[in-house]
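What follows is one structure encoded as structure tokens, with my remarks underneath.
Not measured: the values here are computed from a predicted model.
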Amino acid sequence: MAKSLILLPSLIIALSLSTTSAAAAATSSSSAFIDSSCAATRYPDLCRQSLSSYARTLQQNDHRRLALAALSVSLAKAKSVSSYVTQSAELASKNANTNPSVVQAVKDCTRNMGNGVNRLDQSVKELTVLDGLEGDKFEWHMSNLQTWVSAALTDENMCVEGFADRTMDGPVKVGVRRRVVYVAKITSNALALVQRFAAKHARVGRHHP
């Protein structure tokens, strides 16, 4: 009986260490999957940084869930920046000293970012619907998804381009442009991972008629 009591804590410790080791191995594997996938994006370092928190929950080679994570991050960042741009537009319009061109550019950017958020939201929903679909249904939903993410990226780039004139230089332009450029990079990476998922799915489909 005494030996059993002595062995029991040791067994619990061994099981705990085994579970911890398995979890660490799974996280390491997921991290490697994120790293290799992000290498195919335009901004790989930012991609890895923005998706690192998903390493514990993401399964290796689950390209759909990785793309979904990337889109979710893009949507969250776009919502935050959209709110900032809206506030900036309100403040700029109330300040008589603000360059009228800046006021108009921020107003246009507010509309651009609002459209972008709506399209990213649609994209997240569409990617969720894609789970388990095959053939023409998959292709149709994937086409919608890629169109919406591309359109969201276009909206973000249009906002940035609206501040191209150097006469607009100032704190409003700097604050808005810096944040929107950041979101555009996140969205660009998300689009690349969506396209990677589509390519991987098509490849698997060719081998499993």
Side-chain angles (χ1 to χ4, degrees), residues 24 26-88 105-106 108-110 112-128 130 142 145-164 169 171-201:
T27 300
S28 177
S29 179
S30 296
S31 295
F33 170 53
I34 291 173
D35 286 347
S36 62
S37 298
C38 283
T41 67
R42 190 171 183 179
Y43 308 100
D45 290 340
L46 180 59
C47 177
R48 296 184 187 101
Q49 176 191 351
S50 63
L51 296 175
S52 60
S53 62
Y54 290 88
R56 289 181 176 273
T57 57
L58 193 67
Q59 293 184 352
Q60 187 177 15
N61 295 325
D62 193 337
H63 292 277
R64 188 190 72 83
R65 286 191 177 277
L66 180 61
L68 181 58
L71 281 178
S72 298
V73 170
S74 179
L75 175 58
K77 299 293 185 184
K79 283 181 177 179
S80 176
V81 172
S82 180
S83 296
Y84 175 85
V85 173
T86 299
Q87 293 174 2
S88 296
V106 181
D108 291 342
C109 186
T110 299
N112 294 144
M113 290 304 299
N115 290 339
V117 166
N118 290 336
R119 285 162 176 156
L120 288 170
D121 186 52
Q122 287 178 308
S123 301
V124 169
K125 293 175 181 176
E126 196 74 355
L127 187 49
T128 302
L130 274 171
M142 176 54 75
L145 172 59
Q146 291 178 317
T147 297
W148 287 330
V149 182
S150 295
L153 182 57
T154 298
D155 288 325
E156 292 158 1
N157 285 330
M158 285 178 65
C159 171
V160 174
E161 291 167 3
F163 291 95
D169 288 357
V172 176
K173 172 181 175 178
V174 171
V176 170
R177 191 179 184 281
R178 177 169 58 83
R179 287 169 174 81
V180 178
V181 166
Y182 174 77
V183 171
K185 290 179 179 180
I186 294 282
T187 303
S188 172
N189 286 343
L191 178 58
L193 294 177
V194 166
Q195 293 170 335
R196 184 176 173 85
F197 165 51
K200 294 289 183 180
H201 185 276

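Between the side chains of Thr110 and Thr86, not a single donor N or O lies within less than 3.5 Å of an accepting N or O. Between Gln59 and Ser30, the side chains place no donor N or O within less than 3.5 Å of an acceptor N or O (distance only, hydrogens not considered).
Residue Thr187 holds its OG1 atom at 9.0 Å from CG of Asn157, rounded to the nearest 0.5 Å. To the nearest 0.5 Å, atoms OG1 (Thr128) and CG (Leu145) are separated by 9.5 Å. Rounding to the nearest 0.5 Å gives a distance of 7.5 Å between CG of Leu46 and NZ of Lys185. The distance from atom CG of Leu51 to atom OG of Ser53, rounded to the nearest 0.5 Å, is 7.5 Å. Remark: His201 NE2 to Met142 CE distance equals 8.0 Å, nearest 0.5 Å. Atom OG of Ser88 and atom NZ of Lys173 lie 14.5 Å apart (nearest 0.5 Å).
With contacts defined as side-chain heavy-atom distances shorter than 4.5 Å, the pair Glu156/Asn112 does not qualify. For the pair Phe33/Leu66, a side-chain contact is recorded, criterion being any heavy-atom separation below 4.5 Å from C-beta on. Arg196 places a side-chain heavy atom less than 4.5 Å from the side chain of His63. When side chains are defined from C-beta on, Trp148 does not count as touching Asn118, because their heavy atoms never get closer than 4.5 Å. Using a 4.5 Å cut-off on side-chain heavy atoms (C-beta onward), Glu126 and Val194 make no contact. Counting heavy atoms from C-beta on, the side chains of Arg179 and Val183 never come closer than 4.5 Å.
Looking only at distances, no side-chain donor or acceptor of Asp155 sits under 3.5 Å from a matching main-chain atom of Met113. Side chain of Ser83 to main chain of Lys79: a donor-acceptor pair is present (N/O by atom type, distance under 3.5 Å, no hydrogens or angles). For Arg42 (side chain) and Ser188 (main-chain N/O), no donor-acceptor pair under 3.5 Å exists by modelled atom type.
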(message) side chain to side chain contact (heavy atoms under 4.5 Å, CB included), that's the test. Do Leu120 and Val124 meet it? Break it down for me.
(response) CA-CA 6 Å; Leu120 288 170; Val124 169; 5.7 Å; no
(message) Does Phe197 form a side chain to side chain contact (heavy atoms under 4.5 Å, CB included) with Ser37? I'd like the steps, not just the answer.
(response) CA-CA 10 Å; Phe197 165 51; Ser37 298; over 6 Å; no
(message) Does Asp108 form a side chain to side chain contact (heavy atoms under 4.5 Å, CB included) with Cys159? I'd like the steps, not just the answer.
(response) CA-CA 7 Å; Asp108 291 342; Cys159 171; over 6 Å; no
(request) Verify side chain to side chain contact (heavy atoms under 4.5 Å, CB included) between Lys125 and Asp121, making sure each step is shown before the conclusion. (result) CA-CA 6 Å; Lys125 293 175 181 176; Asp121 186 52; 3.3 Å; yes
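When every heavy atom of Gly162 is checked against every heavy atom of Ala105, the shortest pair comes out as O-CB, 3.7 Å. Summarising the geometry of Ala192 relative to Ala40, their closest heavy-atom pair is CB-O, 4.4 Å, with the distance given to 0.1 Å.
In this structure, Arg177 fails the cation-pi test against Phe163, since its NZ or CZ atom is not both closer than 6.0 Å to the six-membered ring centre and inside 45 degrees of the ring normal.
Test Ser52, Pro44, Ser50 against Arg48 for side chain to side chain contact (heavy atoms under 4.5 Å, CB included) and you get one pass: Pro44. Results of the side chain to side chain contact (heavy atoms under 4.5 Å, CB included) test with Leu193 over Thr41, Ile34, Val149 single out Thr41 as the only residue that passes.
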